[in-house]
Amino acid sequence: MSDHPIESAPPRTTVSPFPVRSRLLVVDDEPLILEGLTRLLATRDYDVVTANGGCDALIAIGKQQFDAILLDLGMPDLNGNEVLRFVADRSADTPVIVVSGDSTIDAAIRALRGGAADFVRKPYEPEELLRRIDNTLTRRRLEKENNHILQRLQQSEKWHRFLVNSSPDFIYTLDSDGRFTFVNDRVESLLGYRSEELLSQHYSLVIHEDDIARAEHVFNERRAGDRNARNIEIRLKCNPGMRRPRLMNGRCKAVELTATGMYDETAGPFDKRFIGSYGVAKDITERKQAEETVHYQAYHDLLTGLPNRALFRDHLGLMLAQARRNQQPLAVLSLDLDHFKVINDSLGHTVGDELLLAVGARLRQCLREGDTLARLGGDEFAVLLPTLVSRSDVEHICRKIIQVLSRPVYVKGHEIYISVSIGACVAPEDGDMIDNLIRQAEIAMYQAKSQGRSRLLFWESGMQAPYSERMQVEADLRRALARNEFVLFYQPQVDTLTGEVRGFEALLRWWHPQRGLLTPADFIPVAEESGVIVPIGDWVLREASAQLAEWRRAGLPAVRLSVNISARQLESPDFVDSVMRAIQVYSLDGHQVELEITESLLMRDFEANAIKLGRLSAAGVRLAIDDFGTGYSSFKYLSRFPIHTLKIDQSFVQELDRDENMSIVNAMIAMGRGMNLNVVAEGVETESQRARLQQMQCHEVQGYIYSAALSSHEATTLLGRHARGFAQAEHRVVG
Ligand code: C2E
Ligand code: MG
Ligand code: MG
């Protein structure tokens, strides 16, 4: 038998649905007999062909198929037995009825041995002969049909075996004792058994230990019909002797099983006998693994592999219940790295990520097995200490954490120093609600940060402010733009030599409906984190451009206006267009607009930023490096950007009185001048600072010594006075 499905496809049936006339060949050398037979047969609906001798008969048989042959034995040219032999050779399934005058028993036996279907003696009874012909034809037809059905059965069985064996599912039958009577070939790739190996083995051989009890009812299913087992998940065990389980994806397979009991129904409808079961198991291992991954991702932080907030809440819930039963206190810690954002922004996300991994590992070292360490997001971790004796236990662990984290971390050649602020609260003393406890620990942590970082604080009932303020700020920020609560203030940048106003820096303020005028430190970090900074930054660009257009219309001197750009804004794909739009709407000269970007921000996505700023530079827009000196970048990289201005950070200016700062500032100014840049010193507060900067040939100064940031109205007045010849002598403006 061929295994090829196409060759073994079931043949189409050849039995015609319509009864066809039977064709008979009548052979006799006696013309009278031949004629008599023909006449007799004409009374029935046969198609009759005659042959008057053996040779004639062979010719007729060679030409066409007959349903039966009536054959005389004694013929002069070729006797009947020779014809019989010829028929047996050529068309064995054509029945031959010998009609002979030889009435000896020998003749009959010989003819029947030679393959004759029947033997009729001459002279025949016409009715008898017709009946014998009819019988032979019927028997012949039944035989043919039987053969045909058998053939189809064999084909169909082969076809089904092929389907079953090439099925992607594991298919089996069990006997009434639960032993395999059939398994398809799929079992080999699924479980590592050859199908013969499993035959007559008990099914429990392939069931995972933990599922044996369940399998008893489903794998070995006795129910049939609607109540049988459908899509039941069960685990199967792979062949333990298999050499390479890895190829099969582990030692255990998850399958979805549909099984049904088989009953012998021959005994009658009321007396069914259970004879075994039949089942189909679909391999769902990959789907289960995918589900597990999704589940894992839903409950874990992907970077560190630590539990996330959801899993932390789960653990806390369980432990709270246990703590209640055992009347034992537990503690929740909230940990936040100090200044992580600075490291992340300046050294890049990859270094930031590795740092978080290292921190996670170090924290783990400080904890016991039953403690839960989770990463709640960003640089915020949480710890659950489920069994405590006292608060001093918490203090002890936190001291250890603070100390372990104070050792430098080495990442990609950087030596990084970090510290951690910790807030703690204890249940049931401080409450026993999951979210409240987490929030209280966070509030205490923010408090620890505001008290100087790198310390532990326990939550106290008065501590609401900092955290809820932060939440409130984010909510308010989202409404502030629509309510027009933002304003720009303008701080002049003054020529060190002449005292003329060269430009202004636009500084954002927020008129908060309840809290009054807020400076960027109060809301920019939250705006950055939440992404609201992008639309706010866009507003700043438009507002600053509108101000320049306003001054131009009023005929005031053309000055430069600097606008601060934040990380999210620069990263936004719309950034370049947003700047260009602002300039075009107010038909400004690009040179009047300067973008202030910190060097660490520039370095963060070097290539992308170089492209964006290149496009803006082509439109004339100027670029200033803000807070210069606080970043980590080298001049070599900075020179790849189209920079016009260096703004020396106020931290250097304010310590100008110390000698080592003098030489640093001196070097910065010299470098800036050497690169043909406009150098601006920020945060100049005293006359001595101004004098030193002037001496070091710093081009411009910005700071309280001239003016704090001014309202639009005040800045306009200042420019107006300038236009009327505001003199060097009176260059101090009190802001
Ligand atoms: P910055 O760009 O370095 O701005 C200079 C900051 O120094 C301003 O604080 C300014 O008021 C302050 N300052 C000026 N002169 C003196 C002085 O003599 N002494 C001292 N101690 N400080 C002085 P401000 O306005 O609070 O802004 C803080 C930071 O907020 C800015 O630093 C800037 O990075 C950011 N910022 C301000 N406006 C915007 C804005 O529109 N968008 C974005 N993204 N950031 C802004
Ligand atoms: Mg600035
Ligand atoms: Mg600055």
Side-chain angles (χ1 to χ4, degrees), residues 341-342 345 477 480-481 485-494 503-511 517-547 560-572 575 578-579 582 593-602 622-631 643-656 678 680-690 693 698 700-712 714-715 732-735:
K341 196 174 176 319
V342 177
D345 286 354
L477 265 176
L481 262 179
E485 291 171 359
F486 291 111
V487 280
L488 284 186
F489 272 51
Y490 303 90
Q491 187 175 34
Q493 297 170 329
V494 179
F504 288 93
E505 174 173 8
L507 293 164
L508 185 60
R509 300 289 180 265
W510 179 12
W511 276 112
L517 191 65
L518 302 183
T519 56
D522 299 323
F523 61 90
I524 293 269
V526 186
E528 256 287 313
E529 247 167 62
S530 57
V532 193
I533 192 68
V534 177
I536 295 178
D538 202 38
W539 177 86
V540 170
L541 279 165
R542 279 182 280 119
E543 182 68 13
S545 304
Q547 182 66 75
R560 193 181 64 223
L561 191 53
S562 312
V563 173
N564 291 284
I565 300 298
S566 77
R568 286 282 194 101
Q569 230 182 320
L570 182 60
E571 281 161 8
S572 138
F575 174 65
S578 146
V579 178
V593 179
E594 187 162 79
L595 305 178
E596 292 196 7
I597 303 181
T598 61
E599 45 178 331
S600 47
L601 179 51
L602 272 184
R622 298 166 57 104
L623 173 62
I625 303 294
D626 203 354
D627 303 347
F628 183 69
T630 60
I643 304 170
H644 301 83
T645 300
L646 272 195
K647 295 192 73 180
I648 296 174
D649 189 64
Q650 44 182 293
S651 58
F652 297 100
V653 174
Q654 272 157 23
E655 290 190 39
L656 255 185
N678 181 38
V680 180
E682 284 189 290
V684 184
E685 293 180 352
T686 65
E687 176 53 31
S688 80
Q689 289 163 356
R690 196 200 62 80
L693 289 162
C698 179
E700 293 172 23
V701 284
Q702 173 184 348
Y704 296 164
I705 185 166
Y706 287 104
S707 168
L710 303 171
S711 69
S712 158
E714 289 168 327
R732 254 168 246 200
V733 182
V734 179

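One-based numbering, in listed order, for ligands and for the atoms of each.
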For the metal site, I want the angle between atom OD2 of Asp626 and atom OE2 of Glu505 with the Mg ion (ligand 2) at the apex, to 10°.
170°

Is it the side chain, the backbone, both or neither of Ile536 that has a heavy atom closer than 4.0 Å to ligand 1?
neither

Contact atoms of ligand 1, heavy-atom distance to Glu596 under 4.0 Å
2 (O)

Any heavy atom of Gln702 closer to ligand 1 than 4.0 angstrom?
no

Do Gln491 and Glu505 have side-chain atoms, one donor and one acceptor, less than 3.5 Å apart?
no

Using a strict cut-off of 4.0 Å, indicate which atoms of ligand 1 neighbour a heavy atom of Gln654.
19 (N), 20 (C), 21 (N)

If I take every N, O or S atom of Glu596, is at least one of them less than 2.8 Å from the Mg ion (ligand 2)?
yes

Taking 4.0 angstrom as the limit and counting only heavy atoms of Glu505, give me the atoms of ligand 1 inside it, by number and element.
1 (P), 2 (O), 4 (O)

Side chain, backbone, both or neither: which applies to Ile524 and ligand 1 if a contact is any heavy-atom pair less than 4.0 Å apart?
side chain

Is the closest N or O pair between Leu507 and ligand 1 shorter than 3.5 Å?
no

Backbone, side chain, both or neither: what part of Asp626 comes under 4.0 angstrom of ligand 1, heavy atoms only?
side chain

Heavy-atom side-chain proximity of Leu488 to Leu508 below 4.5 angstrom
yes

Those atoms of ligand 1 less than 4.0 Å from some heavy atom in Ser566:
44 (N)

Any donor-acceptor N/O pair, Glu528 side chain to Arg568 backbone, under 3.5 Å
yes

In short, Ala480 meets Phe486 closest at the heavy-atom pair CB-CE1, 3.6 Å

Using heavy atoms and a threshold below 4.0 Å, how should the contact between Asn564 and ligand 1 be classified: side chain, backbone, both, or neither?
both

Residues which pass side-chain contact (heavy atoms from CB on, under 4.5 Å) with Gln654, listed by chain and number, not counting sequence neighbours:
Gln650, Glu685, Gln689

Determine whether a donor-acceptor pair (N or O, by modelled atom type, separation under 3.5 Å) exists between the side chain of Glu599 and the backbone of Gly629.
yes

Suppose we screen for salt bridge (Lys or Arg N to Asp or Glu O under 4.0 Å). Which residues come up paired with Glu594, at least two apart in sequence or across chains?
Arg560, Arg622

Would Lys647 count as a contact of ligand 1 if the rule is a heavy atom under 4.0 Å away?
no

Between Asp538 and Ser578, what is the shortest heavy-atom contact and its length?
OD1-OG, 2.5 Å

What atoms in ligand 1 come closer than 4.0 Å to a heavy atom of Glu685?
17 (C), 18 (O), 19 (N), 20 (C), 21 (N)

Pull out every atom of ligand 1 sitting under 4.0 Å from any heavy atom of Glu682, numbered as shown with elements.
1 (P), 3 (O), 4 (O), 5 (C)

Does any N or O of ligand 1 fall below 3.5 Å from an N or O anywhere on Gln569, backbone included?
no

Closest contact, heavy atoms only, Ala582 versus Leu541:
CB-O, 3.9 Å

Is there side-chain contact between Leu477 and Ile536, with heavy atoms separated by less than 4.5 Å?
yes

Should Val579 and Val563 count as side-chain neighbours, where that means a heavy-atom distance under 4.5 Å?
no

Verify the distance test for Ser562 against the Mg ion (ligand 2): any N/O/S atom under 2.8 Å, yes or no.
no

Among the heavy atoms of Arg509, does any lie under 4.0 Å from an atom of ligand 1?
yes

Do Asp627 and Thr598 pair up side chain to side chain, a donor and an acceptor below 3.5 Å, judged on atom types alone?
no

With a cut-off of 4.0 Å, which atoms of ligand 1 are near a heavy atom of Val684?
18 (O)

Ligand-side contact atoms (ligand 1) for residue partner Val540, heavy atom cut-off under 4.0 Å
41 (O)

